[in-house]
Each structure stands twice: as structure tokens, then as C-alpha cells.
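I have placed the structure first, in the form of C-alpha cells, so that the comments after it can refer back to it.
Everything numeric in this text was worked out from a predicted model, so none of it was measured.
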Amino acid sequence: MTYDFDKITDRQNTNCMSTDGYREYMFPSFGDIQFPYADSQFIRMWIADMEFQTPEAIRNAIKDRLDHGIFGYSKVFDPDYYRAMLNWTESRYGWSFDKTHLLTSPGIIPALYELVEYICAPDEKVMIVTPSYAFFKHAADYNHVELVISELINNDGYYTMDYDDLRTKAADPKVKLCIFCNPHNPTGRIWTESELKTFGDICLENDVMMISDEIHCDLIRTGTQHTPLAKVFPDTDQIITCMSPSKTFNMAGLMFSNIIIPNQTIREKWLARHYPFDNPLSITATQAAYTEGAEWLTALKAYLDANFDFVDNFIKTELPKASFRIPEATYLAWIDISAYLPDEENLPLFFAKNAGVLLEGGDMFVSNSNGHIRLNLACPRAILAEGLERIKKAMV
Ligand SMILES: Cc1ncc(COP(=O)(O)O)c(C/N=C2\CONC2=O)c1O
């Protein structure tokens, strides 16, 4: 079957963050700021959802459930749901987990907010590596626990963990939790088994529980392989794994994710406190994703691979002073443009004003991200090409 990833779908008037939420998310202190571009004229490369329609097989499953006509209180009871997800993780990652450890959440971010509260006392600390998806920091801030940052080492665009720094910080008896991004947003690293082993050993040796946020794990370059952190440590219950079809199949708005909690104490806290019901359409969509989404995903990955090649060639020919490496995972291009805009304080504002491109970058990734922009490449190539041309004209 062929899929048309070049198809452009108008997202205006769909209560869409990407088109309507950029001011409140990226420019909160600027109020109703106006730009030399109408909202509909922006090339949107900021928030991490896709410009591609969710696979037809998933949409048909939702339609069938919709036609049933009753949407009362629901949660996952169907054993086929667990089998669908287990088949997905076993076939793609060689990893399985106990059904009783599988819980659901309306999103991974809400799960992080809850889990920090369940795991950390008010005087304890959460560790993350940076640059980082900002909501890892927000989850600590929301719970009023201290954030401890370990900066990744940037080896000409290939980021690695600073194990000595991690060891030093994990040795603090108040550091009780590390929220870990595997694969990593925004650098796009797929951590190797060896890196995961070293990282996990540091945490386990220092009684630091780990949350491995693996939301990007399906969105990897063709031919690469993701390793769940918990797969490397089959005998510990100190690793919580977060996975979701929301990134993979562009279903973030359906608000549904899988949280695998092997530790009984934490699981019992979750079961006692977490609102247990789910949207029945989201349950159906997720089960359909894991049973019927593989072919579409293979085609999506090939299209994204080509988008990354397009960006790589563009930067080499048109923006030679920028530094970019095709990431192993995600659909996000992490680009060092500091040579062009060394003194620009607010890169998202600069490009919104001067290029009509909405992108994230600079200090939006907690730390260790200055001079970098992050481009969402999950869009038709024509849109990508226009966005790159605008970025170049604004900088050169
Ligand atoms: C590492 C990571 N975890 C969790 C989420 C969100 O999970 P949810 O609550 O939707 O289940 C995202 C979405 N990343 C986004 C969303 O927009 N920009 C980003 O970088 C993410 O990158």
C-alpha cells in the first residue's frame, strides 16, 4: 500500500496548538504579539506533532467504535489490548513486561507530574540531562522539588552522557529520581546498550529510581534499533517505562499513553491516586495502532529519512557555517546556527518575526542549548523546503 506524505492538510480551526497555541507557549510574555505574517502564513516547525494524517486503519477503528454510539466510563479491560502492545514491544524491541505492571495515563507529561510526587519527598531532588524537553523540568518545578542538571557532552553534534558528572550528582542522597529520555529529544540520540548499562548502573548504585521516557522510540532512522532501558536491567523494579502511540501515529490529541511500573509501592500509589478511566476512542485507536500501524510506520520512516537527507544537503550547500548531524531518532533536526546569529537572545522570536517560521530553540531546552534551533521535519517536503529557504534568507 502507498501513503501520501506530501498531502497538505489544513489544520486551521481545529483547536490545534500548532496553528493557534504558539503565542501562549513560545511567547507567553508578549501577550497577543502580532508578526508580519498572518497565522496561516507561518511555516510551523515548533511543537512535536505531525502534519500527516493518522493512518487510515486507525481512523477506521475509531469510526467503528464511534458508530457503536455509547461512550460511557471506560478503561482497558480487553486482554487483546495488552497482547497488541506486548506484540509491538516484543517484535520491535525484544522486550516484554508483566501485564499487571501496565497502567495508562492521558499523557506521558501528566504521568511525570504524578510520578515525581509519588517518588520524591519535598526535600528530595530530580536529575535530568540537558538539553532537555522542558516538561522534565516543569514536572520537578510543579512538585516543588529541586532539579539537578547534568549537561550532555556535545562532540560536534554527537551528544554523550558525562558519566563522571552523573556519578557525582547521583551520589547526592537527596537525588531520588532521574527522568531519562530514551531516545533523546532534542539531540536525537539512540542510547546504545552500553551507554544505557553505564547510566543505569550509576543510578542503581546510588538508589536513584529511573523513569525512561521512550515516547520517540518508534520514530528512529531506518536500520537503527531502539533498546528499552528496562531491557538492559531485567532484574530491577527501579525503572518505569513510558511509551505511547501518540508521537508515532500523530495521535497526541487522543491523550493516551502506556506507563509500565514494576515497583509495587509506586504502582500502588498510582492506583490509589490516578483517575482510572480512559477515553474509549483513544483505547481503540491505540490498540489499532499497535496491531495495524506497522506498514504505515515503515513508509513514514522512509519519508522522514528523506526529509533529513534534504535538510542535510541544504545545510551543507546553503548554510555551511551551521552544524547539523542527521539524528538517529525523532523527527526533530537539532541545528547549531550560532555562527550566523551569535548574539541573538531569542531565536524563536527572531525567526517568527524575520522568517515567518515557528521553531523552538535557544533556552527552551533548560540548558546546554544556546545557539541551537530545533526543526520539526514531520511535514510534507514542500513545506520543509519553504521553511528552510525562509530560515536561510533571514540569516544570510
Ligand atoms: C520526551 C517527551 N516526553 C513526553 C512528551 C509529551 O508526551 P504526552 O504528554 O503528549 O504523552 C514529549 C512531546 N514532545 C513535544 C511536544 O511538543 N514539543 C515537544 O518536544 C516528548 O518529547
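Separation of atoms CZ (R167) and CG (D201) is listed at 8.5 Å; rounding is to 0.5 Å. To the nearest 0.5 Å, atoms NZ (K125) and CG (L177) are separated by 14.0 Å. Atoms OG and CG, on S74 and D278 in that order, are 8.0 Å from each other to the nearest 0.5 Å. Between atom CE of residue M210 and atom OG1 of residue T236 there is a gap of 6.0 Å, rounded to the nearest 0.5 Å.
Between the side chain of R221 and the backbone N or O of P327 there is at least one donor-acceptor pair closer than 3.5 Å. Judged purely by atom type and a 3.5 angstrom limit, R390 has no side-chain atom pairing as donor or acceptor with the backbone of F351. Looking at E214, its side chain does come within 3.5 Å of a backbone N or O of L229 through a donor-acceptor pair. A donor-acceptor contact shorter than 3.5 Å links the side chain of N182 to the backbone of T227. T284 places no side-chain N or O within donor-acceptor distance of the main-chain N or O of I62, the cut-off being under 3.5 Å. Between the side chain of H184 and the main chain of P131, a donor-acceptor pair closer than 3.5 Å is present. Between the N206 side chain and the V208 main chain, no donor and acceptor come within less than 3.5 Å of each other. A donor-acceptor distance shorter than 3.5 angstrom exists from the side chain of S282 to the backbone of L254, with no hydrogens or angles considered. Remark: side-chain polar atoms of D363 are not paired, donor with acceptor, to backbone N or O of S369 under 3.5 angstrom.
By the 4.0 Å N-to-carboxylate-O rule, K301 lies too far from D305 to be salt-bridged with it. The pair K231-E193 does not meet the salt-bridge criterion, since no charged nitrogen lies less than 4.0 angstrom from a carboxylate oxygen. Between K174 and D123 there is a salt bridge, since at least one side-chain N of the basic residue sits less than 4.0 Å from a carboxylate O of the acidic one. Between D218 and K247 there is no salt bridge, since no side-chain nitrogen of the basic residue lies less than 4.0 Å from a carboxylate oxygen of the acidic one. Salt bridge status for R59 with E56: absent, with no side-chain N to carboxylate O gap under 4.0 Å. Checked for salt-bridge contact, K269 and E114 miss the test: no charged N lies under 4.0 Å from a carboxylate O. Taking a cutoff of 4.0 Å between a charged side-chain nitrogen and a carboxylate oxygen, R189 and E195 qualify as a salt bridge. A salt bridge links K316 with D312: the closest approach of a Lys/Arg side-chain nitrogen to an acidic carboxylate oxygen falls below 4.0 angstrom.
Shown here is D32, whose CG atom has more than 12 heavy atoms of other residues, nucleotides or ligands within 6.0 Å. A 6.0 Å sphere centred on CG of N15 holds no more than 12 heavy atoms belonging to other residues, nucleotides or ligands. The local environment of NZ in K353 is sparse, with at most 12 non-hydrogen atoms from other residues, nucleotides or ligands closer than 6.0 Å.
Across all their heavy atoms, A355 and A394 have their closest contact at CB-CB, 3.8 Å. In terms of heavy atoms, P320 sits closest to E318 at CD-C, 3.3 Å. Contact detail for A121 and V145: the closest heavy-atom pair is O-CG1, 3.6 Å. In terms of heavy atoms, I337 sits closest to A322 at CG2-CB, 4.3 Å. Contact record, F256 with P245: O-CD, 4.0 Å, taken as the closest heavy-atom pair. When all heavy atoms are compared, the tightest approach of K75 to P276 is CB-O, 3.6 Å.
Relative to the ring axis of Y303, R381 places its NZ or CZ within 45° and under 6.0 Å from the centre.
Ring pair Y133/F135 is tilted by interplanar angle, where 30° to 60° counts as tilted.
For the residue pair Y22 and D39, a side-chain donor N or O sits within less than 3.5 Å of a side-chain acceptor on the partner. Donor-acceptor pairing under 3.5 Å is lacking for the side chains of W46 and Y25. Under 3.5 Å, the side chains of N155 and T160 contain a donor-acceptor pair of N or O atoms. S367 and E151 are linked by a side-chain donor-acceptor pair at a separation below 3.5 angstrom, with hydrogens and angles left out of the test. Side-chain polar atoms of S150 and D165 form a donor-acceptor pair below 3.5 angstrom.
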Evaluate the ring-ring contact (aromatic ring centres under 6.0 Å, His included) criterion for residues W296 and F52: first the C-alpha distance (whole Å), next the side-chain angles of each, then the deciding distance (0.1 Å), finally the verdict. CA-CA 11 Å; W296 180 89; F52 309 128; 7.4 Å; no
ring-ring contact (aromatic ring centres under 6.0 Å, His included) assessment of Y37 paired with F35: CA-CA 5 Å; Y37 299 86; F35 295 97; 8.3 Å; no
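Two residues are said to be in side-chain contact when any heavy atoms from C-beta on lie closer than 4.5 Å; Q264 and R267 meet this criterion. A heavy-atom distance below 4.5 Å is not found between the side chains of E117 and Y142. Using a 4.5 Å heavy-atom cutoff, the side chains of S105 and W270 are in contact.
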